[in-house]
There are 2 protein chains.
Amino acid sequence: MERYFPVLTRCALFQGMGQEDIKAMLGCLGARFASVSKGAPVFLEGDPAQLVGIVLSGGAQVVQEDYYGNRSVLSILQPGDSFGEAFSCAGLEELPVSVIAVQDSQVLLLDCRRILTMCSHTCHFHSLLIENILQGLARKNLAFTQKVRYMSQKTTRDKLMTYLLDQAKQQGSAEFVIPCDRQTLADYLGVERSAMSAELGKLKRSGRLDTKGSWFRLNPVEQHGL
Amino acid sequence: MERYFPVLTRCALFQGMGQEDIKAMLGCLGARFASVSKGAPVFLEGDPAQLVGIVLSGGAQVVQEDYYGNRSVLSILQPGDSFGEAFSCAGLEELPVSVIAVQDSQVLLLDCRRILTMCSHTCHFHSLLIENILQGLARKNLAFTQKVRYMSQKTTRDKLMTYLLDQAKQQGSAEFVIPCDRQTLADYLGVERSAMSAELGKLKRSGRLDTKGSWFRLNPVEQHGL
DNA sequence: AAATATATGTTGGAAATCCAACGTGAGAGG
DNA sequence: CCTCTCACGTTGGATTTCCAACATATATTT
């Protein structure tokens, strides 16, 4: 447990708190520790929506499956990321999504009702926690706004390039790594993996970008004619 | 102003507060009143992101336009709905979206920084307001989850039917009205208006649904064979 | 290293979308 | 009543996606 405090202190939920404060809060919140192996669910669609999770190690994805079994990736979770708070804070009974570990992972599970209803003098950091959750939800809203922007592009190529340009901007460099493999990226952008792969091939051949695995580099566009 | 208190008491932001409490809060928050005519922007992409709006009358849409001028509708705002809090609470400098009035509308504008930083003894309802905003953001996250679910469907027909089935469920009846016209629905679902119209025609002819304007009725599917 | 599994790239025909153009009908205003 | 406008429906051909199948590359295991 101790080894994961560096992750928790960087976690959005606990910003502004010291290690001892966090340790005390985890007690208040009834935190439970869980190990999940690669490919196994942390939550399944239809599960009660009262728990909030924090990824301590490994990685996970929030996914939805439609009637035909098509997978849609809603968000990609890395160590320090939390998940599920939107559903419990909105008062939902059942989860409308699943959370799947994509690697062997450790997660921390908190009871959201304790967070929201805990009387504030029990723990000095209660209101700070609330504000951190609020800011986290606002950021997740932003992330959805971006995802919708990618998905609203007409062609596979435009969805891909809009995403990659955003990644370059966010990471502050034309060279960057993305947090997922090709299939996951395709399911996140809402495109066919094979079509996306074909577009990547074209973009590479035209010199617009280079990529290998999760590494990408966007190249400046050559001006022709002018 | 007085005439809009019924709207404000039903507004998610002010749940649990009486009319007098709200009146006092509006003072604290430096509320400003604004009239916007049909088609005019309330906010434009790039504007400073510190204001939160509440629709008092009329209606508005949160929209994004891409490089080619394609419009994407992120959410549809009706009286009582608030907008912009995700961007200010996430600490964004500039708005990444525009908010456009679709009818002559009245809106109330609040300064979000006052909401978040206002010292809590100034106003008893400060922490309640924070919790209301938190719940509102969680609900907006849910709304995005749903929108993404519609947009993730492969065909225009599936996007449309997934949306309509959700509406019927939310409104608790197979007969319902949607809060927008065909073009807006198409821009919300991320489909071509003409293709959507064609699908609606097919669905009508097959007896699967009836519609006129914003009114819809979903009909049970006939079982063949068995 | 060999064998296996998994990830990624490539291809071609069927299906769906995209787009522009046009037809129709309801409502607004003169 | 007429005209104008605007929302909605319809159509057809160019473009793009979709899907299954296969080829290649990379990682993992034995």
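Below, chain A is the first sequence line, B the second, and so on; all start at residue 1.
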A:Leu200 vs B:Gly190, nearer the 5' end of DNA chain C by closest nucleotide: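 Taking each residue's closest nucleotide, the earlier one in sequence belongs to A:Leu200.
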
Nearest-nucleotide comparison on DNA chain C, the residue closer to the 5′ end among B:Lys212 and B:Val191: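 By nearest-heavy-atom nucleotide position, the 5'-most residue is B:Val191.
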
A:Lys154 to B:Tyr68 six-membered ring, cation-pi geometry met (6.0 Å, 45°):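 No, a cation-pi geometry is absent between A:Lys154 and B:Tyr68.
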
Closest to the [X] side chain, choosing from [options]:
X: A:Lys154; options: D:dT17, C:dT10, C:dC19; value: C:dC19
X: A:Thr156; options: D:dT10, D:dG9, D:dT17; value: D:dT17
X: B:Arg193; options: C:dT8, D:dT10, D:dT17; value: D:dT10
X: B:Ser194; options: C:dG9, C:dC19, D:dT26; value: C:dC19
X: B:Asp181; options: D:dA7, D:dC19, C:dC18; value: D:dA7

Assess whether a salt bridge exists between A:Arg157 and A:Glu199, defined as any Lys/Arg side-chain N lying under 4.0 Å from an Asp/Glu carboxylate O. yes

Salt bridge present between A:Lys38 and A:Asp104 (N-O < 4.0 angstrom):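 No, A:Lys38 and A:Asp104 are not salt-bridged.
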
Quick one: [X] [atom1] to [N] [atom2], roughly how many Å, whole number?
X: B:Glu192; N: D:dG9; atom1: CD; atom2: P; value: 15 Å
X: A:Lys38; N: C:dA7; atom1: NZ; atom2: C1'; value: 11 Å
X: A:Lys202; N: D:dT15; atom1: NZ; atom2: P; value: 13 Å
X: B:Leu189; N: C:dT17; atom1: CG; atom2: P; value: 12 Å
X: A:Asp66; N: D:dC18; atom1: CG; atom2: P; value: 13 Å
X: B:Leu160; N: C:dT17; atom1: CG; atom2: P; value: 11 Å
X: A:Lys159; N: D:dT16; atom1: NZ; atom2: P; value: 13 Å
X: B:Gln103; N: D:dA7; atom1: CD; atom2: P; value: 12 Å

Regarding B:Ser197, tell me which of base, sugar-phosphate or nothing describes its non-hydrogen contacts under 4.0 Å with the strands shown.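 Base contact.
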
Determine all donor-acceptor pairs shorter than 3.5 Å in which one atom belongs to a side chain in residues 75-87 of chain A; sequence neighbours excluded.
residue: A:Asp81; atom: OD2; partner: A:Gln78; partner atom: N; Å: 2.7
residue: A:Ser82; atom: OG; partner: A:Glu85; partner atom: OE2; Å: 2.8
residue: A:Glu85; atom: OE1; partner: A:Phe83; partner atom: N; Å: 3.4
residue: A:Glu85; atom: OE1; partner: A:Lys140; partner atom: NZ; Å: 3.3
residue: A:Glu85; atom: OE2; partner: A:Lys140; partner atom: NZ; Å: 3.1

Hey, what's the ring geometry for B:Phe144 with A:Phe144, parallel, tilted or perpendicular (30° and 60° as the breaks)? parallel

